Amino acid sequence: MSETSLTPTVPSGQVGAAVRGRFPVFRDKVYVNSCSQGALSDAVRAAYAEYLDGWDENGAEWEHWVERSEAARAAFAGLLGAAPDDVAIQTSVSAAVSGLVSSLQFRGERNRIVISGNEFPTIGQIAHAQELRGAEVVHVQPDPEAYAAAIDERTALVCSTFVSYRTGAVHEVEAIYGLAREHGALMLVDGYQGIGALPLEAAKAGDVVVGGTVKYLLASAGLAFMALRPGLVEELVPVQTGWFADENVFDMQIERYRPHRSARRFDAGTPPVPNIYAGVAGVGLIREVGVEAIQEHVRGLVARLAAGLDELGAKVATPPLGPLVCVRSTDSPALVAALAADDIVTSERDSNLRVSLHLYNTEDDIDAVLAALARNRRLIL
Ligand SMILES: Cc1ncc(COP(=O)(O)O)c(C=O)c1O
């Protein structure tokens, strides 16, 4: 089956009620939890079915799997304005960042990794693991001034999230990248919490941009990507590797380490084939609708939510500029449970209720969340 037959066409800009019917979860739930997991669409379900059908009909569709992997690479590249040769297919952000740091040296004067308090745990933990290889980790407040004070000629790597998973803050990654460049440091952007709902041009954001398909790219766990600045790949030789990183995977040679000339040198083992089917469908849906159209739609919903929260006297963790709005709570697990009892799906981190909005959400969803919060006033700060 071709890719186009898998993914029913959505006219560009169709968001909210126009697209919602393709996400069955909305039959029973107000789903505002894309920061944890994007909702399942008909297209992604069909992609999994296609994978299983091919397995039944043909057994190992090896060449088709490799082709699907390349389709995923091209889809991620298109989303980020990168060339497919600069994009590595990964199974998680953790795997991508571990591969990346395996290609860096943390010896001598330039051994520092700068990270902000808004980074996802995997970034902090991988950074600290590099202490075993001579790195020194510098923690900064999540703002450009703090980054500016910390980045200097001793900095090897600067890490910034795009959107904070715990506060919803949108980092000024382009400004931080400028600082990194000024001092000859490499800049890594973790785009997981924004890519798909906010535009991000990889080359403007950082030297390396990572993300995955679980959230705003509407697919499942087990597929991620890493986009490298053009030309950077030639400078990076990962020691975390595998046969899919070889110059020619079909050679099956065991004589030498021959990293591929492109970002494929960061691909490692057998590609996560089922997740790739799903990922191509999820990213396809986002690209058909258009990230700008999604951003515009989400902006309107966020403004409605922010105004309602204000009226309720609720506090937000940070001014909401992206798809994730974090509401301060006196007992965030109890608030998530109270909303769940009303069929509203949310999540929580750090005493914040997380409400995250995407292409399929509507004003009715916002009003339902606000009404439920009004009924649970005692649980908001
Ligand atoms: C900002 C961010 N980075 C990374 C991840 C996940 O990383 P991994 O793909 O290694 O599980 C998440 C998942 O919640 C996230 O929110």
Side-chain angles (χ1 to χ4, degrees), residues 32-39 72 76 79-80 87-102 113 115-130 139 142 157-173 176 187-198 200 202 205-206 208-227 238 240 266-269 271-272 274-276 278-279 282-283 317-318 320-326 332 336 345-350 352-358:
V32 286
N33 196 28
S34 304
C35 57
S36 295
Q37 165 75 74
F76 292 135
L79 191 68
L80 298 165
V87 176
I89 294 296
Q90 300 287 305
T91 52
S92 66
V93 158
S94 304
V97 176
S98 292
L100 173 70
V101 295
S102 85
I113 305 176
I115 71 169
S116 83
N118 274 345
E119 302 313 309
F120 195 70
T122 209
I123 301 293
Q125 291 165 20
I126 293 170
H128 280 286
Q130 306 317 304
H139 289 255
L157 180 66
V158 177
C159 304
S160 173
T161 196
F162 178 30
V163 177
S164 166
Y165 78 102
R166 57 209 287 262
T167 67
V170 180
H171 279 208
E172 293 175 40
V173 285
I176 300 168
M187 164 97 172
L188 167 69
V189 176
D190 175 359
Y192 218 139
Q193 282 295 341
I195 292 172
L198 292 177
L200 188 76
V208 182
V209 173
V210 292
T213 54
V214 178
K215 301 163 198 300
Y216 300 93
L217 296 181
L218 307 177
S220 67
L223 182 62
F225 55 83
M226 177 160 69
Q240 176 183 296
F266 285 97
D267 295 9
N275 315 321
I276 283 174
V283 176
T318 180
L321 297 174
L324 175 59
V325 180
C326 292
S332 51
V336 169
V345 184
T346 58
S347 51
E348 58 86 30
R349 292 277 187 273
D350 282 353
N352 293 322
L353 173 78
R354 301 196 304 173
V355 178
S356 92
L357 302 164
H358 204 1

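Indexing begins at 1, ligand by ligand and atom by atom, following the structure's order. Quantities reported herein were computed from a predicted structural model and do not represent experimental measurements.
Side-chain contact between L157 and V101 is present, with heavy atoms from C-beta onward closer than 4.5 Å. Within the 4.5 Å cutoff, no side-chain heavy atoms of V209 are placed close to those of F76. Looking only at side-chain heavy atoms (C-beta outward), Q193 and Y216 come within less than 4.5 Å of each other. Using a 4.5 Å heavy-atom threshold, the side chains of N118 and R166 count as touching.
Here the protein heavy atom with the shortest distance to atom 16 (O) of ligand 1 is Q193 NE2, 2.9 Å. Protein heavy atom nearest atom 1 (C) of ligand 1, with residue, atom name and distance: D190 OD2, 3.3 Å. Scanning the protein for heavy atoms near atom 6 (C) of ligand 1, the closest one is F120 CE2, 3.6 Å. Closest to atom 10 (O) of ligand 1, if we only count protein heavy atoms, is S94 OG, 2.5 Å. The shortest contact between atom 7 (O) of ligand 1 and any protein heavy atom is with V93 CB, 3.7 Å.
Using a non-hydrogen distance threshold of 4.0 Å, K215 registers as a contact of ligand 1.
Only one option out of S160, S116, P142 pairs with I176 in a side chain to side chain contact (heavy atoms under 4.5 Å, CB included); it is S160.
Q240 and S102 form no side-chain donor-acceptor contact under 3.5 Å, judged by distance and modelled atom types alone.
Taking all heavy atoms of G212, S98, S92, S36 into account, the minimum distance to atom 11 (O) of ligand 1 is reached by S92.
Against a heavy-atom cut-off of under 4.0 Å, Y192 is close to the following atoms of ligand 1: 1 (C), 2 (C), 3 (N), 4 (C), 5 (C), 6 (C), 9 (O), 12 (C), 15 (C).
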